[in-house]
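What follows is one structure encoded as C-alpha cells, with my remarks underneath.
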Amino acid sequence: MNEKIAALSQAFEAELLKVTDNAELENMRVAYLGKKGSITALMKEMGKLSAEEKKSFGQEVNQLKTLVSDQIAAKKEDLARIELEKEINAAPEIDVSIPPVMDRGSYHPITLVQRQCEKVFKSMGFTVEDYSEVVTDYECFEALNIPKFHPARDMQDTYYLENGQLLKTHTSAAQNAIYKKYSKALIEDGVPIKAIFPGRCFRNEATDACHENTFFQMEGVMVDKNISISNLIYFMKTMLSEVFQKDIKVRLRPGFFPFVEPGFELDISCLICGGDGCPSCKHSGWLELCPCGMIHPEVLRAGGIDPDEYTGFAFGLGLTRLAMMKYGIKDIRDLNSGSLASMHQFTDDE
Ligand code: PHE
C-alpha cells in the first residue's frame with residue numbers, strides 16, 4: 001500500500017477513537033472528505049503519477065474513502081445511541097407499584113336502562129337484535145305501511161342522505177329485516193318470533209326539555225298464532241315493574257301508527273312530579289312512554305308472514321324517556337350534553 005495512504009488511514013482510525021460528539025465528528029468528516037480534505041488532496045496527486053501507478057493508487061484511495069465515510073456513519077449512530085442512553089438514565093425513576101389515580105367513568109343512564117330492559121326481556125325468551133342507524137326508505141317507511149307521499153310521513157321529520165338513504169327515525173325500521181330473518185323458523189318449525197332491538201334514532205326536532213334530535217328507543221315484537229292485546233299488556237307491565245322495582249301506574253289510549261292496527265299509546269304516570277304536572281310531562285301528569293299495537297297485516301305480509309295465520313304485537317319503548325323517569329333527569333338535553341358531572345351520578349344498580 002502506498003505509504004501516504006497507509007499513514008492517513010492510521011491517523012484517521014486514531015482520531016476517530018477520540019471523537020466524543022457530533023461537532024467533532026463533522027469536523028473530521030470535512031478534514032478528510034471535504035473539498036480541501038486530505039483524501040481529496042490525495043486524489044489530486046494522481047495527476048503526477050504514471051499510468052500504472054495511477055491504477056493501484058486510485059483503487060487504494062477509493063478504498064480509503066469508502067472506509068472513512070462508512071466509519072463516520074457508524075460513529076454517528078454510536079453517538080446517537082449513547083446520547084439516548086444518557087437521557088434515559090437521567091430520567092426520574094417511575095414507581096410502577098403506585099396505584100393509578102384514575103377516573104374510571106360510568107355507564108350512561110340510557111345504557112343502564114337498556115341493559116335492564118334487555119335482561120328482563122331475555123328472561124322472557126326474547127332475542128336482542130342489533131341494527132344499523134342508516135337505513136333505506138323501504139325499511140323505515142314503505143315496509144311499515146307508509147307509502148311515498150303518504151301524510152303519515154309528516155309525523156317524522158327525517159334526515160335524508162344524498163344517496164336516498166336516511167338516518168332511522170324509529171327502531172321500527174328494523175322490523176322488516178327481523179321478520180324476514182325469523183319467518184322461516186316461525187312457519188316451518190313453529191318457533192314464535194320474540195325479539196327486541198334497541199337503537200339510536202334521529203329526527204329533525206326543535207329541542208326542548210322533552211324533545212331531542214337524537215334519542216334511543218327499544219323496539220319489541222312478538223309474532224305467533226293467536227297473539228293478542230292482552231299478551232302485549234302483560235309483557236309491558238312485567239317489564240316496567242321490573243325496571244322500576246315497583247308497580248307503575250299505566251294507561252292505554254288509542255294512538256295512530258300506520259304499522260299497527262289497533263294502535264295505542266302506553267303512558268306511565270310521571271315519576272318526577274308524581275302526576276301533578278311539570279315541564280317534563282308537559283304539565284299533564286302522564287308521560288308517553290311506549291307506543292304500541294297489533295302489527296298491521298300489510299307489515300306482516302311485507303315480512304313474508306301470512307297475516308291470516310299469524311298475529312303479533314309491536315312496541316317502541318322510549319329508552320331515553322325511561323332513563324329520565326327512572327333517574328329523575330328533568331331535561332332530555334342533559335343526556336347528550338357529554339357532561340361527565342351530570343352523567344357520573346348514575347351507577348349500575350343490578
Ligand atoms: N315507531 C313508532 C315511533 O317511533 C313507535 C311504535 C313502535 C308504534 C311500534 C307502534 C308500534 O313513533
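Every number for a ligand or one of its atoms is a count from 1 in the order of the listing. The residues of the chain are indexed from 1 along the displayed sequence.
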**Q.** N/O donor-acceptor pair under 3.5 Å between Ser132 side chain and Val134 backbone
**A.** yes

(Q) Just to confirm my output: which protein heavy-atom neighbour is closest to atom 5 (C) of ligand 1, and how far is it? (A) Pro291 CG, 3.6 Å

Q: For ligand 1, note which part of Gln217 has a heavy atom under 4.0 Å away: side chain, backbone, both or neither.
A: side chain

Q | Main-chain N/O of Ala195 paired to Thr127 side chain as donor or acceptor, under 3.5 Å | A | no

(Q) One residue to check: Phe315. Relative to ligand 1, which of side chain, backbone, both or neither has a non-hydrogen atom less than 4.0 Å away? (A) backbone

(Q) Within the 3.5 Å criterion, strictly below it, is a donor on Gln63 or Gln59 matched to an acceptor on the partner's side chain? (A) no

Q: Answer with side chain, backbone, both or neither: which part of Cys201 has a heavy atom less than 4.0 angstrom from an atom of ligand 1?
A: neither

Q) Centroid-to-centroid, Phe259 to His170, below 6.0 Å? A) yes

(Q) Check this for me - ligand 1, Glu219, N or O atoms closer than 3.5 angstrom, yes or no? (A) no

(Q) Tell me the nearest of Met294, His296, Arg203, His170 to atom 12 (O) of ligand 1, using heavy-atom distances. (A) Arg203

**Q.** Selection from Ser172, Gly316, Cys290 by shortest heavy-atom distance to atom 1 (N) of ligand 1
**A.** Ser172

Q) Between Phe126 and Phe315, does a ring pair (Phe, Tyr, Trp, His ring centres under 6.0 Å) hold up when you go through it step by step? A) CA-CA 13 Å; Phe126 283 70; Phe315 61 84; 7.3 Å; no

Q.
Within the 4.0 Å heavy-atom shell around Phe259, which atoms of ligand 1 are there?
A. 1 (N), 2 (C), 6 (C), 7 (C), 8 (C), 9 (C), 10 (C), 11 (C)

Q: List the steps, then state whether salt bridge (Lys or Arg N to Asp or Glu O under 4.0 Å) holds for Asp78 with Lys75.
A: CA-CA 5 Å; Asp78 273 358; Lys75 185 79 182 185; 5.6 Å; no

Q: Determine yes or no for a side-chain-to-main-chain donor-acceptor pair under 3.5 angstrom, with Lys194 supplying the side chain and Met124 the backbone.
A: yes

Q: Starting from atom 11 (C) of ligand 1, locate the nearest protein heavy atom and write down its residue, its atom name and how far away it is, to 0.1 Å.
A: Ala314 O, 3.6 Å

